[in-house]
Amino acid sequence: MTEPTVSPPITLSIAAVERDTGLSKDTLRVWERRYGFPAPERDALGERAYPFRQVEKLRIVRRLLDAGHRPGRIVPLALESLRELAEQTVDQPPRAPAAVADDGAIGALLQLIRAHDVVGLRAALQRLLADAGLSRFAADVVSPLASAVGDAWMRGQMEVFEEHLFTEVAQNVLRHALVMLPPLAQGRPRVLLSTLPGEQHQLGLLMAEIVLALEGCHCVSLGAQTPPWDLVQAAVAVDADIVALSFTGAMGPNPIHDGLAELRAKLPPRVGLWAGGTVPVLQRRPIAGVEVFHGVEQVPAALRRWRGQV
Amino acid sequence: MTEPTVSPPITLSIAAVERDTGLSKDTLRVWERRYGFPAPERDALGERAYPFRQVEKLRIVRRLLDAGHRPGRIVPLALESLRELAEQTVDQPPRAPAAVADDGAIGALLQLIRAHDVVGLRAALQRLLADAGLSRFAADVVSPLASAVGDAWMRGQMEVFEEHLFTEVAQNVLRHALVMLPPLAQGRPRVLLSTLPGEQHQLGLLMAEIVLALEGCHCVSLGAQTPPWDLVQAAVAVDADIVALSFTGAMGPNPIHDGLAELRAKLPPRVGLWAGGTVPVLQRRPIAGVEVFHGVEQVPAALRRWRGQV
Amino acid sequence: MTEPTVSPPITLSIAAVERDTGLSKDTLRVWERRYGFPAPERDALGERAYPFRQVEKLRIVRRLLDAGHRPGRIVPLALESLRELAEQTVDQPPRAPAAVADDGAIGALLQLIRAHDVVGLRAALQRLLADAGLSRFAADVVSPLASAVGDAWMRGQMEVFEEHLFTEVAQNVLRHALVMLPPLAQGRPRVLLSTLPGEQHQLGLLMAEIVLALEGCHCVSLGAQTPPWDLVQAAVAVDADIVALSFTGAMGPNPIHDGLAELRAKLPPRVGLWAGGTVPVLQRRPIAGVEVFHGVEQVPAALRRWRGQV
DNA sequence: ATAGGTTTTGTCAAGCTTTTGTACAT
DNA sequence: ATGTACAAAAGCTTGACAAAACCTAT
């Protein structure tokens, strides 16, 4: 471990605050000039370092902004006034042996997507699922199919809406399967699943959830785009042993790396942090205390390791 | 820190009041001129600042308006008179079918969310679904629950991650039900469903899809955040008769209005455009060629109309 | 503040009364001229202002109208007379609670059976189930359909194997739904379900099991044709509070009567004995200690009674 | 039920100022 | 990182208007 033994006073970088609050860096700087808030300290390098309390206030400001308030009117208010205001404001109506699906099968599925045959696609997926079972279905069908769709889109051979269509049908089938799974006695580890802001894709998450549930874990999924600070709160609230995140490359290397590092720093040390997805940066720049997965098939082994340690 | 030590008395901006009460800014201003109420104070910049008590009264007025009263008769009344009036007035249309889930049931579900009991929440939802049937489940359980969660979040009584958690579980249950629905012979109309970029929430979409499917439509959902141009492409590709979009207010009035207008202009005229969601702008600024829905329960009637026309 | 300090007496505008009572504005005005009631006051602007007590009376009048009375005969009556009348009048089924399956739907299902279209029949049933929910599905679809099939068979319009085909498909759909129902924490009462030897039909049993499970009972079903003595043994073994039996008339009056009497004698007194089915003998010759049901819709009320007693 | 007259009421427009996020240049 | 410039968005006011609601009488 390379972590320092003494913790510096807790402050966030401007990028971290952007992720946390959804306020752009530009906005943060311009508010500082115009309203005198936030008033970040400066670190050794002269970069903005936002104390935690200010970030807290920024989060509330953000919520009130969404409710129709304007920055100039609320940014100068004291934290308590904001809390009170928030309470009074009501929102109106926010890879396995004997691959089940060889390239031919994937090709056939791609054809169905290109033909926009929703019914046929769903039927084909359900059929493969029933035949192969959940874990192999996730690993041998959905995973490669998602990659194939992504590739095709990159090459301009597939429209945006066709990718959406595929994602939607696949989600339906996977979530259906998830609900069909009989709930297991509340097992360990307890895993919290989500993606970071900026990462929309939930498919990887769903597959991970399925594999974990099959292995007897207690899963709590928060869907896509949960801000880091909320993840930390949630991890504590549901007593999670592991926080699992999924990435697809939609986020860019730096945000991924920084986001993970930030989250690792904020999470209690006893909570594991797992990151999955076929993104180069995950492999190239390992982060201390973050376990990286390149595919769902690695999950069972990691679980065995976890259970052995505890 | 430049924060003031004393908090000014708490007031809401006109935009905040609009979101809170559903009364348009224009209406608020014109009432002020005509009836002398509301009588907002002015802040240092001369902008209207509505004291909380007046907003409270406005909320009641709004309810009475829906019950058939007219502004001129009730706006000048004192708050107490309005309260009395509200109690005596039956605000539901003559005979509402016995709601499946009363406030108690919704409260119980909220408790499960706050307790982060994923398993219990799912079980409760499934049980209600099985008992009530899909359409009533969507209208009487999921819809009000989603509103309640939104409210609680606004008031700061619910964390972001708890909202995520609820959304995730509800999606699982709804998608599961959707898959269980046996596919009908390819019916008309063919409906393409999505949300515009900026609108993340899919729950409304899912409920719409379910109701439509029950009514015998052929549904193709693209999930959330499909850019307008891709929607047009998709509509042509899947030979859609109707494009249906869902909104929650996360987008802001103007983007919604402009997005709809743009889409309407680009779509072939023979393709209908339906927009649903509890957003003031949808009610206030009708767009030629866009049909607006305030709840899933309006869908069957609209479908009958469509089928009658064609 | 411009609010008046004294509240005027509370009255409703004509539109409010329309929404409240469901009587059209025109109707209200015409009654006023013809019968001298209602007799609204006038406000400063000459608009009708209905005192609350008159609205109260109008609500009752409306109810009586629905029950078949005619305006000219009841509008002139005093409020007390109306109250009396309302109590005497049997509450007409106000609005058939949206019968899910009307005769037409049942007819369509019969057609599918006659066409031996197993797939279509199952799809149709599942669709109705999803739409209506379990309890209404059992009461409004399966029950009448089973009767219709029985009738058709009696009249020689349906073959034996067609009846079997129907039974099989319906059982599959119901059993599936039962499995999907998330199990509740082991509730009371504990109910043991079966039929007596000679009674093969399980459909009624299944429907009863579903309704009971929905109401939170713990159900143990033994399938068809369990001999009385084994039933007694089973009741003790599973600690049952109630033994529920289903009949269809395949057994003949005497065996039914004697079987029930024998069972009642052998069962511990604290165990309830419930018998359901559309068989004349159940109604004609009541047996001490045996509760008789003519349809699944009676079950919830009986359960409430049971829970009240214990 | 329909027709015709009056009042009520929400929305829109024009012309203006202030606020606010982003883009660009330093 | 900072500062400037700019366009979009949001506010405000006055005035006008058309749709909706209400009334009476036929």
Side-chain angles (χ1 to χ4, degrees), chain A residues 13-15 18 21-35 37 40-43 45-49 61-62 65 67-76, chain B residues 11-19 21-35 37 40-50 61-62 64-76 251-258 280-287, chain C residues 11-19 24-34 40-50:
Chain A
S13 73
I14 192 169
E18 176 179 24
T21 61
L23 300 165
S24 83
K25 291 175 202 159
D26 285 319
T27 304
L28 288 168
R29 283 192 279 255
V30 103
W31 281 7
E32 183 179 336
R33 184 151 36 105
R34 288 186 186 149
Y35 315 120
F37 181 90
E41 302 157 15
R42 298 297 173 135
D43 64 9
L45 300 150
E47 300 198 347
R48 284 172 174 76
V61 167
R62 173 59 202 252
L65 237 52
H69 291 269
R70 293 172 67 189
R73 311 258 304 109
I74 54 171
V75 170
Chain B
T11 57
L12 304 199
S13 73
I14 193 170
V17 175
E18 177 180 22
R19 299 219 177 181
T21 61
L23 300 165
S24 84
K25 290 175 221 197
D26 282 320
T27 303
L28 288 169
R29 285 192 276 253
V30 99
W31 281 8
E32 184 179 336
R33 191 168 13 141
R34 289 188 184 145
Y35 315 119
F37 182 91
E41 302 157 15
R42 298 296 175 134
D43 64 9
L45 301 147
E47 300 195 351
R48 286 171 175 77
Y50 294 84
V61 167
R62 172 59 203 251
L64 290 170
L65 237 51
D66 290 341
H69 291 270
R70 292 172 67 190
R73 310 253 307 111
I74 54 171
V75 169
M251 267 180 80
N254 280 353
I256 293 180
H257 189 269
D258 297 352
V281 70
L282 286 177
Q283 310 171 35
R284 261 208 324 276
R285 296 168 60 188
I287 304 171
Chain C
T11 57
L12 304 199
S13 72
I14 193 170
V17 175
E18 178 182 28
R19 300 221 180 179
S24 86
K25 291 174 216 191
D26 288 319
T27 305
L28 288 169
R29 284 193 276 254
V30 138
W31 281 7
E32 182 179 338
R33 186 152 38 115
R34 290 196 188 133
E41 301 157 16
R42 296 297 175 133
D43 64 8
L45 300 147
E47 299 195 351
R48 278 167 245 266
Y50 294 83

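Letters go in sequence order (proteins before strands), and every chain restarts at 1.
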side-chain contact (heavy atoms from CB on, under 4.5 Å) between Arg42(A) and Arg48(A), worked out: CA-CA 5 Å; Arg42(A) 298 297 173 135; Arg48(A) 284 172 174 76; 3.5 Å; yes

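- Nucleotide dA9(E) holds its C1' atom 13 Å from the CG atom of Leu65(A), rounded to whole Å.
- Taking only side-chain nitrogens and oxygens, Tyr35(B) never comes nearer than 4.0 Å to OP1 or OP2 of dT8(D).
- Going from atom CD of Glu32(A) over to atom C1' of dG21(D) covers 16 Å, rounded to whole Å.
- Distance check, rounded to the nearest 0.5 Å: OG1 of Thr27(A) to CZ of Arg62(A) gives 9.0 Å.
- Between Val61(B) and Pro71(B), every side-chain heavy-atom pair lies at or beyond the 4.5 Å cut-off.
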Contact list (N/O, under 3.5 angstrom) for nucleotides 20-26 of chain E vs protein:
residue : atom : partner  : partner atom : Å
dC22(E) : OP2  : Lys25(C) : NZ           : 2.3
dC23(E) : OP1  : Arg48(C) : N            : 2.7
dC23(E) : OP2  : Arg29(C) : NH1          : 2.7
dT24(E) : OP2  : Arg48(C) : NH2          : 2.6

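- Within the structure, a side-chain polar atom (N or O) of Thr27(A) is placed less than 4.0 Å from OP1 or OP2 of dT22(D).
- Interatomic distance, CZ of Phe37(A) versus CG of Leu28(A), reported as 9.5 Å (0.5 Å rounding).
- In this structure, Thr11(C) OG1 and Arg73(B) CZ are separated by 4.5 Å, a value rounded to the nearest 0.5 Å.
- When Glu18(C), Glu32(C), Glu47(C) are each tested for a salt bridge (charged side-chain N to carboxylate O under 4.0 Å, His left out) with Lys25(C), only one passes: Glu18(C).
- Going from atom CZ of Arg73(B) over to atom P of dT8(D) covers 11 Å, rounded to whole Å.
- For the atom pair CG of Leu12(C) and CD1 of Ile74(B), the computed distance is 11.0 Å after rounding to the nearest 0.5 Å.
- Residue Trp31(A) contributes atom CH2, which lies 18 Å from atom P of dA1(E) at whole-angstrom precision.
- Put simply, CD1 on Ile74(B) is 15 Å from P on dT8(D), counting in whole angstrom units.
- Contact annotation: the side chain of Val17(B) never approaches that of Leu23(B) to less than 4.5 Å [non-hydrogen atoms, C-beta and beyond].
- Axis angle between the ends of the helix from dA1(D)-dT26(E) to dT26(D)-dA1(E), five pairs each and rounded to 10 degrees, works out to 50°.
- Rounded to an integer number of Å, the gap from Leu28(B) CG to dT11(D) C1' is 13 Å.
- The two residues Leu65(A) and Arg70(A) have their closest heavy-atom pair at CD1-C, 4.2 Å.
- At least one side-chain nitrogen or oxygen of Ser24(B) sits closer than 4.0 Å to the OP1 or OP2 atom of dT11(D).
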